[in-house]
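Below is one structure, written out as structure tokens; comments come after it.
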Amino acid sequence: MSNVIVLGAGMAGVSIALQLRKRGWSVVLVDRTEPGLETSYGNAGIIQSEAVEPYAMPRDIATLLSIAVGTSNAVHYRPLTLPQHLNSLLSYWWNSAPSRYRRISAAYATIIAQATYEHAPLIAEAGMEHLIRREGFRVLHRTQAAMDRGVATAERLKAEYGVAFKALSPVEFAAAEPSLTSTGAGAVHWLAPWTVSDPGALTAAYGQLFLRRGGTFVHGDAGTLRQTASGAWQVTTGDGSIEAEHAVVALGPWSTQILAPFGYHFPMVRKRGYHRHYRAPGTLNLPIMDEANSYVIAPMAKGLRITTGAELTGTEALPMPVQLRRAEEAASTILKLGAPVENRPWAGVRPCMPDMLPVIGRAPNHKGLWLHFGHGHQGFTLGPATGRMLAELMTGEKPYVNATPFRPERYS
Ligand SMILES: Cc1cc2nc3c(=O)[nH]c(=O)nc-3n(C[C@H](O)[C@H](O)[C@H](O)COP(=O)(O)OP(=O)(O)OC[C@H]3O[C@@H](n4cnc5c(N)ncnc54)[C@H](O)[C@@H]3O)c2cc1C
């Protein structure tokens, strides 16, 4: 019998699997597909060490109105599916009140601060340096008022958390990115984040590293998870039934549905995002976030990748890439986008918790069941950092970062 079955081979799953293997545990990683093919494949590829404050729910009337009438490109919703999001959204709203948000951000910043340190050895050992740039990314501001607001926020984050940035004039921005045909009022260049030209490949390479370190990967359905009479955890896989003393749920947006039969009803704000690649004639040196139009355009292995903001929709709803169409239009005003690479856009879901913090720790009512999900907008960034925290909790070590704000009991 293995020590542990890790369910889910996205960035969250491969990270905890690696950490436990490093501690000498016998680990079986289970996924229905291959490592790094879902959300950890489709993101913008930014290891966001600047994201010390998580995405709060907007509370000002102007932003809420623009979402309600459908003019915001940051959030799009389908009215008929809103009732299924209601409880999670109310909790998200409550947690986004300024005093709570300050407390939540203080906790969030502690794990964001570890992100690049925990990725660094994995990138090196996985031999993936060629996918990484350590030069940050830039936020385009189209008007002077927006640029002034952007710089003021950056100054505040620098003062409070030490986040490094540089304000670029339109001329400096144009020099840095010669393919741009317009540079608006300039950009805020976040200097510390790292960017990855193929996030799925990095996740898969961490999966390969896990195998080289003696881990086992098998195909299987996490929906078959059950606890045996002796208390062991059992899953049906392509190699038959496997058992372990512990199980970790690291299934990203699918985590809550797998946990429901065990009596856990975690609320989740499921924010769908889309991406598509383009055969642009010129490329970009670093990703750009277009603040006014809520998309990121990033140089990737397959071309320039546009990723969109949040769509609140039904779990199995057909794609409706309104935000992607708007993003394409907006991107075409700053560079030559070229033809799309794929016929259809990719879609995936950010697994966001209403209090914006991931769920890390032991499941409250089951011995040997551990949780590692809900990383929201920054799961690609955070997987290795929270993976270490969870491994330390599982092995009885003192967590290197205070784990209390992330404990699952807060949703009991
Ligand atoms: C458009 C977009 C842009 C983003 N940009 C960024 C960014 O720039 N930086 C950043 O840090 N984050 C970003 N994110 C967020 C980030 O991608 C996610 O938080 C992160 O990938 C979640 O990782 P995960 O391992 O929890 O989930 P996933 O990567 O989705 O992994 C879950 C795994 O579970 C498996 N699985 C599901 N159900 C079953 C089952 N029944 N049986 C077996 N296996 C199963 C899946 O196959 C999958 O491999 C973005 C997200 C989106 C959508």
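Predicted model only: the values in this text are computed from it and were never measured. When a residue number appears, it is its place in the shown sequence, counting from 1. We count ligands from 1, going down the list as the structure has it; atoms in each ligand are counted the same way.
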Legend entry - Face-on cation placement of R138 at F173 ring, 6.0 Å and 45° thresholds: no

For [atom], which of [options] has the closest heavy atom?
| atom | options | value |
| --- | --- | --- |
| atom 17 (O) of ligand 1 | V296, T39, I16 | T39 |
| atom 50 (C) of ligand 1 | T33, T307, L29, N43 | N43 |
| atom 9 (N) of ligand 1 | I306, T203, T386, I46 | I46 |

**Message:** Can you confirm whether or not the ring centre of H189 sits under 6.0 Å from the ring centre of F165?
**Reply:** no

(Q) With a 4.0 Å cut-off on N to O distance, would you call R102 and E53 a salt bridge? (A)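 No.
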
Would you mind checking if D198 and K302 are paired as a salt bridge, meaning a charged N to carboxylate O distance below 4.0 Å?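 Not counted as a salt bridge, because no side-chain N and carboxylate O are separated by less than 4.0 Å.
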
Consider ligand 1: state whether an atom of it lies below 4.0 angstrom from any non-hydrogen atom of L251.
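Yes.
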
Using a 4.0 Å cutoff against the non-hydrogen atoms of [X], which atoms of ligand 1 qualify?
| X | result |
| --- | --- |
| G45 | 8 (O) |
| T381 | 9 (N), 10 (C), 11 (O) |
| G8 | 33 (C), 34 (O) |

Ring pair (Phe, Tyr, Trp, His ring centres under 6.0 Å) pairs touching residues 210-229, sequence neighbours excluded, are F217-H219

